[in-house]
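One structure is given below, encoded as structure tokens.
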Amino acid sequence: MKIPCYICGLGSYVPSHSVTNGDMEKLVQTSDEWIVSRTGIRERHFLAEGEQVSDAGAAAARAALEDARLSPDAVTHVFVATCTPEYLSPSTACVIAGKLGLPSSSGRGAAVMCLDFNAACTGFVYGLELARSVLQGSPEAVVLLIAAEALSRRMNFADRSTCVLFGDAAGAVALRSCPEGGLWEVRDVTCASDGSLCELIKIGGGTARSVAEGDVLGPDFFISMQGQAVFRHAVRSMTEESQHILERNGLGVDDVELFIPHQANLRIIQAVGERLGLEPAKVFVNLANYGNTSAATLPLAMCDARKEGVLRPGMKVLLTSFGGGMTWGSVLLT
Ligand code: UT7
């Protein structure tokens with residue numbers, strides 16, 4: 001029997017420290033005109049010194065649980081999509097669970113499964129598929145899916161082609177199988193990848209290189225990207241994956257009430273919207289205020305769209321994303 005999966009709460013967190021294009025002009029040789037015309041980004045937000053990706057993730061998680069009217073004690077699984085984890089170990093999921101007070105004093109929290117996974121900017125899509133699988137096996141589960149990123153901590157401020165693009169943020173959803181309190185059903189998810197393209201976007205700091213105390217950090221420690229190749233792949237993969245999920249659910253593009261794509265570049269978003277034949281009013285865009293926050297863009301966009309009143313419970317919503325790996329995928333919410 002197919003067990004349904006409902007999003008029953010939604011939350012986000014954006015650090016207060018805003019960095020405008022004007023601020024970026026003081027750091028690298030760039031201009032507000034170049035950044036806006038090539039990307040659509042006007043400002044991004046960076047974690048404050050001492051503020052961690054787990055703080056952002058915990059704040060988004062608390063907001064999602066409050067929205068779902070659930071106590072942290074009810075959570076059975078904490079999944080964190082991130083390509084900028086706080087440590088190689090422990091997992092950011094364990095750190096966040098600790099900040100949420102799990103395990104709880106009742107001891108129930110000791111049964112919580114905590115897991116980080118990395119599908120780069122596609123993390124939220126992959127996470128919804130993970131949540132669906134968990135609920136299929138354990139219908140009583142309460143899954144907290146958090147997408148949290150601290151990209152500012154791996155930005156190369158000597159590389160103007162990447163450092164202007166990214167920002168920090170977190171988004172979270174609470175998922176259950178029971179329809180009461182459900183905002184949307186996660187009707188279908190597709191996840192794809194092509195590891196032969198793994199060189200196109202990289203973030204260093206892993207075990208690929210041995211380091212000794214006192215070593216000077218090289219460019220391989222930071223984000224590097226082949227922008228134009230990624231751009232082409234992004235447009236093709238998000239368009240095809242969106243068509244694929246609609247087709248396999250017997251839907252046409254006119255059935256989509258709101259399209260929320262990964263917020264990386266306004267030109268990519270517009271190209272995908274045009275290729276799909278979507279009217280621009282159905283395409284949600286909020287990247288001007290945040291830049292590309294990787295896995296966090298989709299839940300953050302969902303929160304903003306809901307606040308603006310354009311995303312309402314039960315609407316037919318198409319989400320799509322792409323990212324390092326390469327990875328990509330789509331989600332159909334109803
Ligand atoms: O979540 C996945 C993350 N990745 C992406 O979504 C990235 C996808 N790619 C892109 O969004 C675009 O390729 C970029 C925004 C990264 C770059 O835009 P582009 O239109 O592909 O520019 P380009 O790389 O072809 O560079 C054009 C020019 C170059 O100068 P020359 O060689 O023509 O003289 C660059 O050096 O723009 C220059 N440039 C800049 N100029 C001012 C590159 N970065 C900047 C900058 N400010 N920040």
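Remember, it's 1-based here, ligands and their atoms both numbered in the order they're listed.
A distance limit of 4.0 angstrom between heavy atoms and ligand 1 selects the residues Q29, T30, W34, R38, T39, C121, R160, S161, V164, L165, I201, M225, G227, Q228, V230, F231, H262, A264, N265, R267, I268, N292, F322.
Note on ring orientation: taking the six-membered ring where Trp is involved, the planes of Y290 and H45 are tilted (angle from 30° to 60°).
Among D159, L200, I203, L165, the single residue meeting the side-chain contact (heavy atoms from CB on, under 4.5 Å) criterion with M225 is L165.
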Output a table of donor-acceptor pairs, distance under 3.5 Å, between side-chain atoms of residues 206-218 and any protein atom two or more places apart or on a different chain; print 'none' if there are none.
residue: R209; atom: NE; partner: D220; partner atom: OD2; Å: 2.8
residue: R209; atom: NH2; partner: D220; partner atom: OD1; Å: 3.3
residue: D215; atom: OD2; partner: A212; partner atom: N; Å: 2.9

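No side-chain heavy atom of V331 sits under 4.5 Å from any side-chain heavy atom of F124.
The other residues sharing a hydrophobic cluster with V95 are Y87, where clustering joins ILVMFWY side chains under 4.5 Å apart.
Evaluation of the side-chain contact (heavy atoms from CB on, under 4.5 Å) rule for C5 yields R132, L135, L175, V186 as partners, not counting sequence neighbours.
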